[in-house]
Colleague: 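Structure below; questions to follow.
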Protein chains: 2
Amino acid sequence: MTSTLGTPVFSDSPARDLVCRGCGTHFPLAAQHACFECFGPLEVGYDAAALASVTREQIERGPKNIWRYAGLLPTGADPASRVTLNPGFTPLVRADALAATVGLRAPLYVKDDSANPTHSFKDRVVSVALTAARALGFERYACASTGNLANSVAAHAARVGAPSVVFIPFDLEQGKVVTTAVYGGDLVAVEGSYDDVNRLCSELTETDEFEKTAFVNVNVRPFYAEGSKTLGFEVAEQLGWRIPAQVVIPMASGELLTKIDKAFTELVETGLVEAPADGWKVFGAQSAGCNPIAVALHGDTDVITPVKPTGIAKSLNIGDPAAGIYALEAVRRTGGWMDYADDDEIRDAIRLLARTTGIFAETAGGVTVAVLQKLVDAGRLDPDAETVVFNTGEGLKTLDAVAEQVGPTYRVRPSLRAVREAGLLD
Amino acid sequence: MTSTLGTPVFSDSPARDLVCRGCGTHFPLAAQHACFECFGPLEVGYDAAALASVTREQIERGPKNIWRYAGLLPTGADPASRVTLNPGFTPLVRADALAATVGLRAPLYVKDDSANPTHSFKDRVVSVALTAARALGFERYACASTGNLANSVAAHAARVGAPSVVFIPFDLEQGKVVTTAVYGGDLVAVEGSYDDVNRLCSELTETDEFEKTAFVNVNVRPFYAEGSKTLGFEVAEQLGWRIPAQVVIPMASGELLTKIDKAFTELVETGLVEAPADGWKVFGAQSAGCNPIAVALHGDTDVITPVKPTGIAKSLNIGDPAAGIYALEAVRRTGGWMDYADDDEIRDAIRLLARTTGIFAETAGGVTVAVLQKLVDAGRLDPDAETVVFNTGEGLKTLDAVAEQVGPTYRVRPSLRAVREAGLLD
C-alpha cells in the first residue's frame with residue numbers, strides 16, 4: 001500500500017519517482033514497494049540532469065561516509081534530515097598475499113564493510129531507508145531480520161531517540177539477540193521461521209496501529225535498496241575514480257549485486273567515471289546451502305526455484321531471493337558468473353582471508369572468498385584483471401563458524417624451560 | 001635490555017630520545033623500556049622545534065586515520081614504513097540524550113574507538129609499536145594479552161605478512177581465543193595467570209631466540225604508549241581544534257589517561273591549539289574489582305597497593321598498574337578526580353550508553369559511563385562544562401556481560417491475532 005501520510009519532501013533530492021522493475025510503470029515517491037499494475041518490485045528513478053550535475057569535487061569535499069554521495073541518493077542531502085550512524089567509506093584493502101594464494105596476478109582488493117558502525121553493510125541501507133522514512137512522516141522504525149539488520153535498525157533508532165520494533169525468529173542465537181536487545185527498543189520473538197516473521201511484518205504494515213511504522217525492508221524497501229549503491233561509488237572513488245574490471249559480491253536477495261552494478265552504471269552515465277573500454281564483469285557468490293540464483297544461472301534459466309536454506313552462512317540464507325532475476329540479468333549482461341561454496345570451504349576461506357589480510361569476516365565474507373577461489377580455478381575470472389571482493393560483515397558476529405577450527409598452537413607451563421621443551425625456541 | 005640490532009632510522013621523526021619518567025636520564029631511541037639508572041619507565045622525548053613545525057593544514061591534508069599525526073609521533077612518517085591496519089579518526093559522537101540522563105547541561109561527546117579495525121583502541125598503540133619495531137629491525141611481533149591486544153597484534157602481523165606469537169592465559173574465553181587464532185600466527189596458551197604470562201614474556205625478550213621479536217607492550221613499550229596520544233589529538237581536531245574542559249578515561253595501567261593528557265599538552269605547546277583559559281580536567285575510571293589507582297587518590301597517597309583483579313571489566317584488570325603514579329599526577333595537576341563502578345553499575349551503563357547513543361560498548365566503556373554518572377552525582381564534574389568520555393572497545397567482545405540482562409520484550413505466535421493479544425497493537 002502507499003502511505004497515507006502527507007506529501008514527502010524530496011525537493012532537494014535527485015530522485016524523481018518510483019519505477020516498476022517489471023512493467024516500467026511510474027509512481028510518485030512514497031512508501032510503496034510493489035507495483036499496482038503487475039506486483040513487480042519498485043526502484044527509485046532519478047532525474048538524469050540532477051545526477052549529472054554532481055561533480056567529483058562536490059563529493060570529495062563531503063564527509064568520509066555514505067553522505068558524500070547524497071547527490072546520488074534519494075534522500076539525506078540536508079545533514080539535519082539524516083537518521084544515521086554515518087556508515088561508509090570503509091577500507092578498500094589491497095590484498096597481495098590473498099591474490100597470490102588464489103592465483104590472481106593483477107591487483108586484488110577487499111572492500112571491508114565490517115568497519116561500519118554496527119559492523120555490516122546493513123548500516124548503509126538502514127541509514128538511507130530511515131532517513132527516507134522520517135521524510136515520509138514515519139515515527140517508528142522496524143524490520144524483520146535474523147541478525148545484522150536487526151542490530152543496525154535498533155542502533156539507528158537509539159541514536160536518534162526514536163522507538164523501534166524489531167521482529168526476529170524466536171530461536172535466534174543468544175548473541176544475535178543481545179546485540180539488538182541492548183539498544184532498548186522493542187524486540188519481538190516470533191514463534192516461527194524467518195519466512196513467518198517476514199509475512200507477519202507485511203501484514204502489520206497494513207494495520208492502523210503500524211501506520212506510522214517504517215519496516216526498512218518492506219514498505220520503504222525502494223529507498224533501503226538504494227543505500228547499497230554507496231558500496232559501488234566508494235570502490236570507484238577509492239580506486240581513483242575507476243571501475244574495477246571484476247567484482248565478486250555475496251548474494252542473499254541478490255539486491256546488493258544489482259545495486260553495485262547500478263552504481264557503476266550511474267557513475268558512467270553521470271560522467272563521474274570514464275566508461276572502462278572493456279566494461280566490468282559482475283560475479284555472484286552464494287553458499288551451497290542456499291544457492292537458488294547460482295543454480296538458475298548454471299541451468300541457463302530465468303526460473304529461480306526457491307530452496308529451504310541450510311548451512312552456516314545465515315546472513316545470506318534467503319531461499320526465495322526477491323532480486324534474483326535482476327542479479328541474473330546483471331551477471332549475464334556483464335559477462336560474469338556465479339558459484340557457491342559449502343560450509344567447509346566457507347570456514348577455510350574465512351581463515352585464508354584473515355591470515356592473508358588481517359580481516360576477520362563473518363560467514364558471508366567466507367562465501368565470497370571461497371567463490372573467488374573457485375572462479376579463478378574455473379577460469380571464469382581473468383587472473384590478469386583488477387578484482388574487488390566485498391566483505392559485508394564482521395567475524396565477531398559468527399564466531400561459532402570457525403571456533404572448532406582454530407585455537408592455541410602451543411600450551412606451556414609459565415617457564416622458560418617449558419617454552420624450550422615445547423619447541424617454541426627452535 | 002637495549003636491542004643489539006643496528007641503529008634505527010628515525011631520521012624523519014620528531015622523536016629525539018627516550019627519557020626516564022623517574023629520574024629524567026636520557027637514552028638513545030632503541031628497544032629499551034626501563035631506565036638503567038633507576039629502573040623507571042622510559043618515555044619518548046621529542047625535538048620541540050620539530051613538533052612546533054607541524055601545522056593544522058598538514059594534518060588536515062593527511063589520511064583520515066592516526067597517521068595524519070605522524071609529525072607528532074615517533075615513527076611512521078613514510079607510509080611505506082608502516083605496519084598498520086590504519087586505525088583512528090574514529091567517530092566523536094554527540095550524546096545529548098546521555099547528557100540529559102546523567103545530568104550534564106553542556107555538550108557531551110563519546111569518542112568511540114570500537115570503530116577501529118579490530119574494534120578497540122589497541123590498534124592505535126599496536127600500529128605505532130610495530131612500525132617502530134620494524135624500523136628497529138625486529139622481524140616477529142608478539143605480546144602478552146588477555147584479549148584486545150592479542151587480537152590487534154595478530155591482525156597487524158597478518159596484514160603485513162609477518163610472523164606473530166601471542167601469549168595468553170590458558171583459561172581465556174573461547175571467543176577471545178578465536179578472534180586471535182583465526183589470523184594464523186602462533187598462539188601460546190600459558191598455564192598461569194596474566195601476571196605469569198607477562199613475566200614469561202619479559203624473560204623471553206632476554207633469550208637469543210627472541211632477539212628479533214618485538215613484544216609490543218614490553219621491549220618497545222615507549223613507542224607503543226605514544227600511539228594513545230592520537231586519541232587526544234583526534235578529539236581536539238574533531239572539536240574544531242579545541243581541548244574539551246573535561247575528559248573521562250578508563251584506566252588499566254593508567255597509561256591511556258596520561259597519554260591523552262600528554263597529547264593535549266603537546267597540542268598547546270606546539271601552538272596547534274590555543275590553551276584553554278581554564279585548562280582541562282582529567283578524570284579516571286576503574287572498576288570496583290580493580291581500583292588501585294582510584295583508591296590511592298581517594299586515600300590521598302602516592303602508594304598504589306596492587307590488587308588481585310576481579311569482576312567483568314577484564315580488559316581493565318591490571319592489578320599492579322605501571323603508569324598509575326603518572327595517572328595520579330595528571331588527575332591532581334588538572335583538578336580532576338577518579339572513581340570506580342561495580343559490575344551491576346557497569347552492566348547498567350553499557351545499556352544506558354547503547355539506548356541513548358546507539359553505541360554498544362565492551363565492559364570498559366560501561367565502566368567509563370558508570371563513573372561519568374558518579375562524578376556528576378558527586379559534583380566532581382561541572383555539569384555546565386563540555387565533556388568527552390572515551391569508549392575503548394566493542395560490545396561484541398564482551399557479550400556475556402549483558403546477555404542475562406537483555407532479551408526479547410515480546411514473544412508471539414506468527415499471527416496478527418497473537419500480536420494483538422500480546423499488546424503490541426495497543
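Letters A, B, ... mirror the listed sequences (proteins, then strands); counts begin at 1.
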Colleague: When rounded to the nearest 0.5 angstrom, what is the spacing between CD in A:Glu203 and CZ in B:Arg417?
Modeller: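 A:Glu203 atom CD to B:Arg417 atom CZ measures 14.0 Å (nearest 0.5 Å).
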
Colleague: Chain B heavy atoms under 4.5 Å from A:Leu187: which part of the residue, side chain, backbone, both or neither?
Modeller: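 Both parts, backbone and side chain.
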
Colleague: Would you mind telling me which of A:Asp426, A:Leu352, A:Val178 has the largest number of heavy-atom pairs within less than 4.5 Å of chain B?
Modeller: A:Val178

Colleague: Less than 4.5 Å to any heavy atom of chain B: does that hold for the side chain of A:Thr180, its backbone, both, or neither?
Modeller: neither

Colleague: Against chain B, label A:Arg420 side chain, backbone, both or neither, depending on which of its atoms sit under 4.5 Å from a heavy atom there.
Modeller: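 It is the side chain, since no backbone atom gets that close.
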
Colleague: Chain B heavy atoms under 4.5 Å from A:His156: which part of the residue, side chain, backbone, both or neither?
Modeller: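 Neither part; nothing is under 4.5 Å.
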
Colleague: Identify which part of A:Phe89 has an atom lying under 4.5 Å from any heavy atom of chain B, answering side chain, backbone, both or neither.
Modeller: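 When you check distances to chain B, no heavy atom of A:Phe89 falls under 4.5 Å.
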
Colleague: Using non-hydrogen atoms and a 4.5 Å limit, figure out which bit of A:Val166 sits close to chain B: side chain, backbone, both or neither.
Modeller: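 For A:Val166, there is no contact with chain B at all, as no heavy atom is under 4.5 Å.
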
Colleague: Keeping B:Arg159 on the side-chain end and A:Thr357 on the backbone end, is there a donor-acceptor pair under 3.5 Å?
Modeller: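 Between the backbone of A:Thr357 and the side chain of B:Arg159 there is a qualifying donor-acceptor contact (under 3.5 Å).
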
Colleague: Which pair of heavy atoms, one from B:Thr409 and one from A:Gly185, lies closest together, and at what distance?
Modeller: CG2-O, 4.0 Å

Colleague: Does any backbone or side-chain atom of A:Val160 lie under 4.5 Å from a heavy atom of chain B? Answer side chain, backbone, both or neither.
Modeller: neither

Colleague: Look up atom CG in B:Leu396 and atom CG in A:Asn151, then write down how far apart they are to the nearest 0.5 Å.
Modeller: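 Nearest 0.5 Å value for the CG-CG distance: 7.0 Å.
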
Colleague: Is it the side chain or the backbone of A:Val197 that comes within 4.5 Å of chain B heavy atoms, both, or neither?
Modeller: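 Contact with chain B: none, neither part.
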
Colleague: Count the heavy-atom pairs under 4.5 Å between each of B:Arg199, B:Arg413, B:Lys64, B:Arg411 and chain A, then report the option with the highest count.
Modeller: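 The residue among B:Arg199, B:Arg413, B:Lys64, B:Arg411 with the greatest pair count is B:Arg411.
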
Colleague: Looking at chain A, which one of B:Asp186, B:Asp196, B:Val177, B:Thr90 has the largest number of heavy-atom pairs inside 4.5 Å, strictly under?
Modeller: B:Asp186

Colleague: Quick one: of B:Asn86, B:Val93, B:Ile350, B:Val419, who has the most non-hydrogen atom pairs under 4.5 Å with chain A?
Modeller: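 Ranked by heavy-atom pairs under 4.5 Å with chain A, first place is B:Val93.
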
Colleague: Between A:Val412 and chain B, which part of the residue has a heavy atom less than 4.5 Å away: side chain, backbone, both or neither?
Modeller: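 For A:Val412, heavy atoms of backbone and side chain both lie under 4.5 Å from chain B.
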
Colleague: Report which part of A:Thr356 has an atom under 4.5 Å of a heavy atom belonging to chain B: side chain, backbone, both, or neither.
Modeller: backbone

Colleague: Any side-chain heavy atom of B:Phe210 within less than 4.5 Å of one from A:Leu425?
Modeller: yes

Colleague: Counting only non-hydrogen atoms closer than 4.5 Å, does B:Thr118 touch chain A with its backbone (N, CA, C, O), its side chain (CB onward), both, or neither?
Modeller: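 Interface part for B:Thr118: neither.
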
Colleague: When rounded to the nearest 0.5 angstrom, what is the spacing between CG in B:Leu85 and CG in A:Asp112?
Modeller: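 Here the interatomic distance stands at 10.0 Å.
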
Colleague: Minimum heavy-atom separation for A:Ala181 to B:Gly407, with atom names?
Modeller: CB-N, 3.6 Å

Colleague: What part of A:Glu191 lies closer than 4.5 angstrom to a heavy atom of chain B: side chain, backbone, both or neither?
Modeller: both

Colleague: Side chain, backbone, both or neither: which part of A:Ala403 has a non-hydrogen atom closer than 4.5 Å to chain B?
Modeller: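 Both backbone and side chain of A:Ala403 come within 4.5 Å of chain B.
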
Colleague: Pick from B:Val182, B:Val188, B:Leu200, B:Asp400: which one has the most heavy-atom pairs with chain A under 4.5 Å?
Modeller: B:Val182

Colleague: So which heavy atom on A:Ser114 is nearest to which on B:His119, and how close?
Modeller: O-CE1, 3.8 Å

Colleague: Does any non-hydrogen side-chain atom of B:Leu204 lie less than 4.5 Å from one of A:Leu424?
Modeller: no

Colleague: Of the backbone (N, CA, C, O) and the side chain (C-beta and beyond), which part of A:Leu353 lies under 4.5 Å from a heavy atom of chain B, both, or neither?
Modeller: neither

Colleague: Pick from A:Ala189, A:Ala155, A:Ala158: which one has the most heavy-atom pairs with chain B under 4.5 Å?
Modeller: A:Ala189

Colleague: Is chain B contacted by the side chain of A:Glu394, its backbone, both, or neither, given a heavy-atom distance below 4.5 Å?
Modeller: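 Side chain of A:Glu394 only, per the 4.5 Å heavy-atom cut-off to chain B.
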
Colleague: Counting heavy-atom pairs closer than 4.5 Å to chain A, which one of B:Val402, B:Leu416, B:Leu399 comes out on top?
Modeller: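 The answer is B:Leu416.
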
Colleague: Specify whether B:Tyr183 and A:Phe360 have parallel, tilted or perpendicular ring planes, treating 30° as the upper limit for parallel and 60° as the lower limit for perpendicular.
Modeller: perpendicular

Colleague: Tell me, side chain or backbone of B:Ile359 under 4.5 Å from chain A's heavy atoms, or both, or neither?
Modeller: both

